[in-house]
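This report concerns only the one structure given below.
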Amino acid sequence: MLDIKLIREQADFVRKRLATRGGGEESKIDEILEIDTRWRQILTEVEGLKSQRNKVSKEIGALMGQKKLEEAEAKKKETREIGDRISDLDKEVADLETRSRALMMTLPNLPHESVTIGATEADNPTLREWGEKKNFTFEPESHVALCERLKLIDFARGAKLSGSGFLLYTNWGARLERALTQFLLDLHTSEHGYTEVSPPFMVSKACMEGVGQFPKFVDQAYAIQEGEDGSSLGNLFLIPTAEAPVANIHREELLAEAELPINYCAYSPCFRAEAGAAGVGTRGMIRVHQFDKVELIKVVPPEQGYDALETLVGHAEKVLQLLDLHYRVILLCTGDMGFGSAKTYDIEVWAPGQGDYLEVSSCSNCEDFQSRRMGLRFKTKDGKKVLPHLLNGSGTALARLFVALVETHQQKDGSILIPEPLQAYMKTDRIPAH
RNA sequence: GGAGAGAUGGCUGAGUGGUCGAAAGCACCGGUUUGCUAAACCGACGUAGCCCUCAAAGGCUACCGCGGGUUCGAAUCCCGCUCUCUCCGCCA
């Protein structure tokens, strides 16, 4: 959520920054300002009336004490009338607040000034590359062929169980998935200083709103219903990312400055309905309804936000470097950024079987956009209450990492070499060809 | 799922219709004392919003889990909900 004060005081600035996203949200500013003006007007009026009522009520109390009952009754009548007027105005105030909040919740974050202005992913600048596309002395197989031939994934039975977009990992495939998860958690906790947490995989609507998933992306979420009757529908949602629970850990809290920075790292499966995306890249593991991910979350004082973002991307990059996978880091342009983000780096890993780069990590600084939504603050040494910057980054998404790994490290003999850091977890240095 | 108890400021905890934004203690902050630290003592100390102001100061309103209700007036009475704890049932 944006700061209403910023909108009041610098409406043009806000409109301009919003416009760079190309979503047309800047058109809502006028209505927000209109509601806000009216709200303040009525609020002032009703507060004046309440002040009056409070005063008279005290007088009544005093009169009752002195047994001047008739005078007290007269004043009661007067106050009752004020009370009616107050409740009318209170209703209008509440109504205006509801309308304002509904609009405010649909405004995306303002892009940071350092973000390239652009419309689509074609405008995303590539910042750097690491490694290079691997040369093969043979025609590399796609992960689908590899997984089927080596029985790493049973696509058909996965679909039988849950429909298309669900994976059944088998044998070495299941083990590789587990090895990757452990490797990632160990790397981020032992080497990068994150605190491991293991969150619920279902969260409340409030959490989804807090990180900006809702209201905009309700259609993308799986809603939980207990039993057959629908009364519980919408109380809980399967998490689309561990960001949803983990970023909300300190919602509605007032942290001490000394507690910052907070660095959390969490494994979770991620559930995405991908409504409307059916038929798009459905073959294989690249776009699925459920995948594993290790997520990194940082809560930092605002002045450290952008340094922390650089650190965060570095931590995600380290994963790919250790696994010897070629990747590039791109900066999402204003038009391609996520709803809550002020600045986002994507990391795309090279998948030779696809002949394409796959997004395996998205690292964002949401600044105070989420903190404001969820009521997360910290207290500085001199007693000021400040909204911290909230950062999140994948470190990294697993299904696509899996794809890049098997496609990159496949051998001419049909086996797959396991990079050194994974060998201890896999208890082997290669997945055999047979 | 059933029964009971509870939810008050950063924390602990008093408060059962008006003088309560709320005792007390702790923590935090400022000061005195001190070779340093600690202790002791003194002082300040909730949050949010609106109005006013260049700003500060100030004024007002709301907030005692959340939402309604009764009343001139609610932390306090009534109703609904959520969460926590204890016990029972079911259960990995």
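Just so we're on the same page: letters track the sequence lines, and every chain starts at 1. As the structure is a computational prediction, the values presented were derived from the model and not from experiment.
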### Message
Run the salt bridge (charged side-chain N to carboxylate O under 4.0 Å, His left out) test against A:Lys343 and tell me which residues pass, sequence neighbours left out.
### Response
none

### Short N-O contact, A:Asp88 and A:Arg85, less than 4.0 angstrom
no

### Query
In whole angstrom, what separates A:Ile42's CD1 from B:rU61's P?
19 Å

### Query
Once you round it to whole Å, what is the distance between P of B:rC72 and CD of A:Glu71?
18 Å

## Note on the structure
In whole angstroms, the gap separating C1' of B:rC83 from CG of A:Asn235 amounts to 14 Å

### Task
Determine, step by step, whether A:Glu243 and A:Gln370 satisfy the side-chain hydrogen bond (donor to acceptor under 3.5 Å, both in side chains) criterion, reporting the C-alpha distance in whole Å, the side-chain angles of both residues, the deciding distance to 0.1 Å, and the verdict.
CA-CA 11 Å; A:Glu243 177 196 353; A:Gln370 296 176 325; 2.8 Å; yes

#### Entry: Salt bridge A:Glu257-A:Lys379, side-chain N to carboxylate O under 4.0 Å
no

### Query
With rounding to whole Å, what would you report as the distance between B:rC26 and B:rG43 at their P atoms?
14 Å

### Task
Pick the C1' atom in B:rC36 and in B:rC54, then give their distance to the nearest Å.
46 Å

### Task
Could you give the distance separating B:rA75 and B:rG18 at their C1' atoms, to the nearest angstrom?
13 Å

### Message
Using the salt bridge (charged side-chain N to carboxylate O under 4.0 Å, His left out) criterion, which residues pair with A:Asp154? Sequence neighbours excluded.
### Response
A:Arg157

### Task
Could you tell me which residues satisfy salt bridge (charged side-chain N to carboxylate O under 4.0 Å, His left out) with A:Asp368, sequence neighbours excluded, listed by chain and number?
A:Arg372

### Query
Is there any side chain to side chain donor-acceptor pair (under 3.5 Å) pair reaching into residues 415-429 of chain A, and which pairs are they, with sequence neighbours excluded?
A:Asp186-A:Tyr425, A:Asp413-A:Ser415, A:Ser415-A:Arg430

### Task
Rounded to whole angstrom, note down the P distance from B:rG25 over to B:rA44.
13 Å

### Task
List for me each residue that meets side chain to side chain contact (heavy atoms under 4.5 Å, CB included) alongside A:Ala342, sequence neighbours excluded, and say none if there are none.
A:Asn109, A:His112, A:Tyr306, A:Glu367

### Query
If we take the P atom in both B:rC29 and B:rA14, what is their distance in whole Å?
28 Å

### Task
Would you mind reading off the distance between A:Glu97 atom CD and B:rG67 atom P, rounded to a whole angstrom?
11 Å

#### Entry: Partners meeting ring-ring contact (aromatic ring centres under 6.0 Å, His included) with A:Phe402 (sequence neighbours left out)
A:Tyr169

### side-chain hydrogen bond (donor to acceptor under 3.5 Å, both in side chains) partners for A:Lys205, two or more places apart
none

### Query
B:rC11 C1' sits how many Å from A:Glu253 CD, rounded?
13 Å

### Message
Roughly how many Å apart are B:rU71 and B:rA55, using the P atom of each and rounding to a whole number?
### Response
43 Å

### Query
Can you give the dot-bracket line for RNA chain B, using ( ) for pairs inside the strand, [ ] for pairs that cross earlier ones, | for pairs with another strand and . for unpaired bases, where Watson-Crick and G-U count if both distances are under 3.5 Å?
(((((((..(((.....[.....)))..((((.......))))..((((((......)))))).(((((..]....))))))))))))....

### Task
Indicate, with yes or no, if the rings of A:Tyr267 and A:His188 have centres closer together than 6.0 Å.
no

### Message
With a 4.0 Å cut-off on N to O distance, would you call A:Lys28 and A:Glu31 a salt bridge?
### Response
no

### Message
Check this for me, if you would: do A:Asp36 and A:Arg40 make a salt bridge, where the nitrogen-to-carboxylate-oxygen distance has to be below 4.0 angstrom?
### Response
yes

### Task
Quote, to the nearest angstrom, the C1' distance that separates B:rG67 from B:rG10.
27 Å

### RNA chain B-proximal residues of residues 48-56 of chain A, any heavy atom under 4.0 Å
A:Lys50, A:Ser51, A:Arg53, A:Asn54

### Query
Can you check the A:Arg377 CZ to B:rG46 P distance for me, whole Å?
14 Å

Close N or O pairs between protein and nucleotides 50-54 of chain B (under 3.5 Å):
unit_1	atom_1	unit_2	atom_2	d
B:rC50	OP1	A:Arg8	NH1	2.7
B:rC50	OP1	A:Arg8	NH2	2.6
B:rC50	O2'	A:Thr44	OG1	3.0
B:rC51	OP1	A:Arg40	NH1	3.3

### Query
Over how many whole Å does the gap from A:Lys91 atom NZ to B:rG67 atom C1' extend?
15 Å

### Query
When you measure from every atom of RNA chain B, which of residues 76-84 of chain A have a heavy atom less than 4.0 Å away?
A:Lys76, A:Thr79, A:Arg80

### Centroid separation A:Phe201 to A:Phe271 less than 6.0 Å
no

### Task
Could you state the atom-to-atom distance from CZ of A:Phe378 to P of B:rG10 in whole Å?
17 Å

### Pairwise P distance, B:rC42 and B:rA27 [rounded to whole Å]
15 Å

### Query
Does any pair with a residue in residues 75-96 of chain A pass ring-ring contact (aromatic ring centres under 6.0 Å, His included), and if so which ones, sequence neighbours excluded?
none

